[in-house]
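Throughout, protein chains are lettered first and strands after them, A, B, ... in sequence-line order, and every chain is numbered starting at 1.
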Amino acid sequence: MSSKRKPTNTKWSHEFDTLRRENLFKNPPQDHSAYPLLVQAISPHIESFNEVFREGGLVTKAIRDIGTKYYLDGDERTGPAGKNVLSIRVKDVVVQKAMLPPSNKFTTKRHIFPAECRERHVTYRGRMEANLQYKVNNGDWHSFTRDLGQIPIMLMSNKCHLEKNSPDLLVQRHEEAEELGGFFVVNGIEKIIRLLIVNRRNFPMGILRPSFKGRGAAFTQYGILIRSVRPDETSQTNVIHYLEDGNCTFRFSWRKNEYLIPVMMILKALVDTNDRAIFEGLVGLPGSKATKNSFLTDRVELLLRSYKHYGLYTKRKTRAFLGKKFRIQLGVPDTMSNYDCGTEFLRKIVLVHLGNVDVTEAQDNDKFKMLLFMISKLYALVGGDCCGDNPDAVQNQEILLGGFLYGMILKERLEDWLGTNLRLVLRDYLRKTPGNNFATQEFAKQLPVRLMGRTNENIGQALEYFMSTGNLVSPTGLDLQQVSGFTVVAEKINFLRFISHFRMVHRGSFFAQLKTTTVRKLLPESWGFLCPVHTPDGSPCGLLNHLSHKCKIMTKSVNASAVPQLVVDLGVVTGSSDIDEAVIVTLDGKVLGWCTPKQSLLIADTLRYWKVEGSHNVPKELEICYVPRSQGGQYPGIYMSSSPSRMIRPVKYLALDKEDFVGPQEQPFMSIAVIEPEIVSGESTHVEFDPTNILSILANMTPFSDFNQSPRNMYQCQMGKQSMGTPGTATRYRSDNKTYRLQTGQTPIVRAPLHNDYGFDNFPNGMNAVVAVISYTGYDMDDAMIINKSAHERGFGHGTIYKTKKIDLSEGQRSRSITYMKKAFGFAPGDEAKGRQGGIDEDGLPFVGRLVQDGDILCCWHTVYVDASGALKNRDGVTHYEKYKDGETAFIEEVRLIGGENGSDPLSMISIKLRVPRSPVIGDKFSSRHGQKGVASQKWPMIDMPFSESGMQPDVIINPHAFPSRMTIGMFVESLAGKAGALHGLAQDSTPFRFDEENTAGDYFGHQLMKAGYNYYGNEPMYSGITGEELHADIYVGLVYYQRLRHMVNDKFQVRTTGPITKLTGQPIKGRKGGGGIRVGEMERDSLLAHGTAFLLQDRLLNCSDYQKSWICKSCGTFISTQPTVSAYANRRKGTGKVRCRQCARKIEGALGSGTGETWDDGHGQRWVGGEDTTIVAVPGVLKYLDVELAAMGIKLKYNVGTA
Amino acid sequence: MSRETYEAPNTGSGSRAPALGRGNAESALGGEGPATQYKCGDCNAQMKLKRGDPIRCLDCGHRVLYKERTKRMVQFEAR
């Protein structure tokens, strides 16, 4: 049917398109989404996940890198001779989509859709299986399959049922019509893996880091760092350090331990070479210019000389030496020779991007050449011939995609399982049954089932743990700088916030603790890749950035296989014979050759022309970074990359007038004009498609943001994400803990065309309000705003909060099946009648639609056991009630009964969705789209509001003082544009950078206003609503889009006089939740004192706090020796009412005392006389506590009690 | 209808009205107590379940059920 229909239109303008949207909403498209930009915005997440499991994807590559594991039987303490070798490897890993378990025999619909997982508070996951192969000695390979548990699956990925679903189908599957995917559903919560910034791969970065000096004696601040990435996206960082004496050492980290090796040893191990070749590789041929550079030659000579004392001259010997040293760390079997072990070392650790599986000699040679280049760059850095690369600039960074990280964890788990886990199991097995060696039948029978069953093979659980906590449990650390904070909840407070999660890039939590602010700086290199506006202020400022809306992230490497030949054809010399005056040409961290500086510019320009043209098999996404020669600038050369994880963005290539993609590494060396008039002939090669391309999706939604002071735009980016909006249309099928909803959302009159492109009209986020800028009544002081009471009554800003409460009776139990049931919903026999009064139904669940108030019953349950017939019987006749404990009234919106996936479990979990209506009240927060937030201070009656000559009254009044210091001129322009738009029925385009000094925005909209018969400047004469008199000044009135923020007084107010106290001190408890107090601290106390309000102070700090009446002995001056007396004749309840000091009293020995006073009884049968000098004083409770504590330490406090 | 045969309408839902839904109790395990009406979260089918019955739609086998909106009068003070 869809083939006959016209394909859904995906072109949008800034117009309202009301009917088109209505139609889209009524009849969701059956072909594709009408908002391709939205799909594009999140695509890096989905595509990176797809890469993991596709055929020949990351998992396949990872399995190749893991390779085969070998185990020996027999006694561990003896040598390898005569032992059997077990070889085991993973053949492939298969992941299924989310399916019902076979134990569920009640339905033919076997799919589990994400919506069900959200509703049931479970994880959307699919089963993973591994096909394993093993052989003993040189026998045949035997295969078997193991179940690895269920792994969380990304929505809309190639393992998800929703992949490529049309909006129509998505709606049928209880999703949003514009469901984006890119996240996981873990325990019913939507989680995404954050994009992380990491060092640019396969590029040797010159680093100047003073902390390098602390690594040990002779270390300097100089180093060359390369983050070398394997095809399976796991990385290994190699660093070459410069030592004070001019030597170089190679550093790497392996399983969280650091190792240092002389760099010469690596060079000699890689290829069969000699000192002359290395010298010429670093310095050049005899007679070349560089040989006169004594700085360089001295150091290279030292490098070569100092290595002599190892006495390792050949590749074979060096590898064997390395192998011997790193046997244990690499975990290779005893049968492997030292030489092979050295080869394994080079394969796994040294420049892994140039070969990590079945490394050929050519690949080793590539590694050798790269290492030489790194050393030359290091010497150039030390000699000051080039500058260090800035690791905080986007130029030297790339993005670690969520899917790739997921794949990395998966790989590590697999390797750990087959390497470490299985080893322990086998050792255990061999120790217990030494007779069953690997060659026996018994072993062959037990390995696939019994022995593998003993390993911890639930990789799914490990991944689910990672997704739900964001913590990385890893023996290697994955070459990352942090172990937690990898995942975040994709909150659906409103759509802006939701979409922002997917465009968010984090610098890493390691940098959050850094005291220096250099990492947070906004650098010009970020232009077009990271939004300069959209970052929060406060602690994550500059660390948590957002991608510009046109910035893409590569998820696949592009095919650049033609490039090496092309550059050779263009004159690049591949041999390292003559590097005098030459610059290097590399592709993905592989040295292609050298050429003259003049040639290099030509080569870069030619390649760029071809790549934009699409000829010569040069892919358009190839990054060609041409670094020209300079005095002390960056190290010159042509560095090309075709790898994934790079950021790229489209710009127009002027030579062909076509789209080109540029990357962050090449951009600083290019001349890209921002607008066409800026193009300098002969210099500019590119021009931006639109200056707004540098802004993020959210920053683009701020109307006329170019008129505002910059920080205001930042604030708006924050507040847009905090506004109460429309989280979506499928709210029925969601069970978020808390969601907000604006009942009366509107489409903004003033908006950018991108508003429609991203489909934001499907998720209204605010209301158009008539705003007058006057100081009226005084209730608009200090960023307060007055709301027209009638506007409020018509629904201005009306919102709702949905809260979901999960009640799980089988919490902490292994199974939900009926045999394990201990509690069941419903009444214990005989209590049914109570339910009806309490407002709950016969099944023990609340009536849907009912109003609940503080203390009302939500549901009830009772304890049960299963009798012989399999029926549930009550144990004790007691009904337990779950109560609603919030102060606010709410309505029962939904009651959901949640069954197990077997389909046979009785009811043990429900979730209740409560609806809390939140009409605006005084104290609620509102904001315009210009960082102008305010608090509603009054709902002013309409009759008393000022009115204009046409009878218009403002919905909102704000104070003129909000403007001068904040300079949000954009808000004035929006007001003007909104007014003109409303009068003419137009949607106004508010894209920034559209007006200039000649054609001003004020003039454009002013004329529109004039055409409608209004004042050109947007001012109007107004009349006081109270007196009816005309106000002395004309008032600026217009339409501004207002957002209602989610911060509401009802969630914040904290009041008490007296209330709950902490037992120990008698002072009020902390926190709003329990009705606690707010601390009056020292500074508050000082302030009250300075104002002379001592009684207020006493009231706050004593009477409303830990005021206590206490007995004290006046003569010895202590609290703790006083005690009440007892008497057989006293009133039982009141006691004697006499308190005596035990310390001052005298014990009566014998039957009768000396008769000097009244005797008293201490309740232990002891009689005393004296100690009568006691009285009651009012003291703070903590004072007595202090006294007791000090007494415990042997310190006595004595109070001199006077008569005041 | 004669005066004798008339039965006063019972307001409470706890009353065991003999006719409706009682006979076709589709309970699989033969749960106990009163049956309550629920709706399937997938196919919207209506069903009556008792205490101890397995939670799944009797038509499609879906595992999320909704409680129906109450038939009782729900009245709030409008302010």
In plain terms, say whether A:Glu894 and A:Arg896 are close enough for a salt bridge, that is, a side-chain N and a carboxylate O under 4.0 Å apart.
yes
Lys/Arg-Asp/Glu bridge criterion (N-O < 4.0 Å) met for B:Arg63, A:Glu901
no
Is chain A contacted by the side chain of B:Asp59, its backbone, both, or neither, given a heavy-atom distance below 4.5 Å?
neither
Are A:Cys860 and A:Glu882 side-chain neighbours, meaning at least one heavy-atom pair lies under 4.5 Å?
no
If one checks every heavy atom of A:Phe825 against chain B at 4.5 Å, the contacting part turns out to be backbone
So which part of A:Arg732 gets closer than 4.5 Å to some heavy atom of chain B, the side chain, the backbone, both or neither?
both
Going by an N to O cut-off under 4.0 Å, is there a salt bridge joining A:Arg118 and A:Glu190?
yes
Give, as side chain, backbone, both or neither, the part of A:Ile910 having an atom under 4.5 angstrom from any heavy atom of chain B.
neither
Turns out that what part of A:Pro829 lies under 4.5 Å from chain B's heavy atoms comes down to neither
Can you tell which part of A:Asp905 gets under 4.5 Å to a heavy atom of chain B, answering side chain, backbone, both or neither?
backbone
Answer yes or no: is there a donor N or O on one side and an acceptor on the other, between the side chain of A:Thr107 and the main chain of B:Cys60, under 3.5 Å?
yes
Under 4.5 Å, counting heavy-atom pairs only, tell me which of A:Met821, A:Arg173, A:His174, A:Arg850 racks up the most with chain B.
A:His174
Quick check on the interface: out of A:Gly899, A:Gly844, A:Gly826, who has the most heavy-atom pairs with chain B under 4.5 Å?
A:Gly899
Hey, is A:Lys803 close enough to A:Asp886 for a salt bridge, meaning N to O under 4.0 Å?
yes
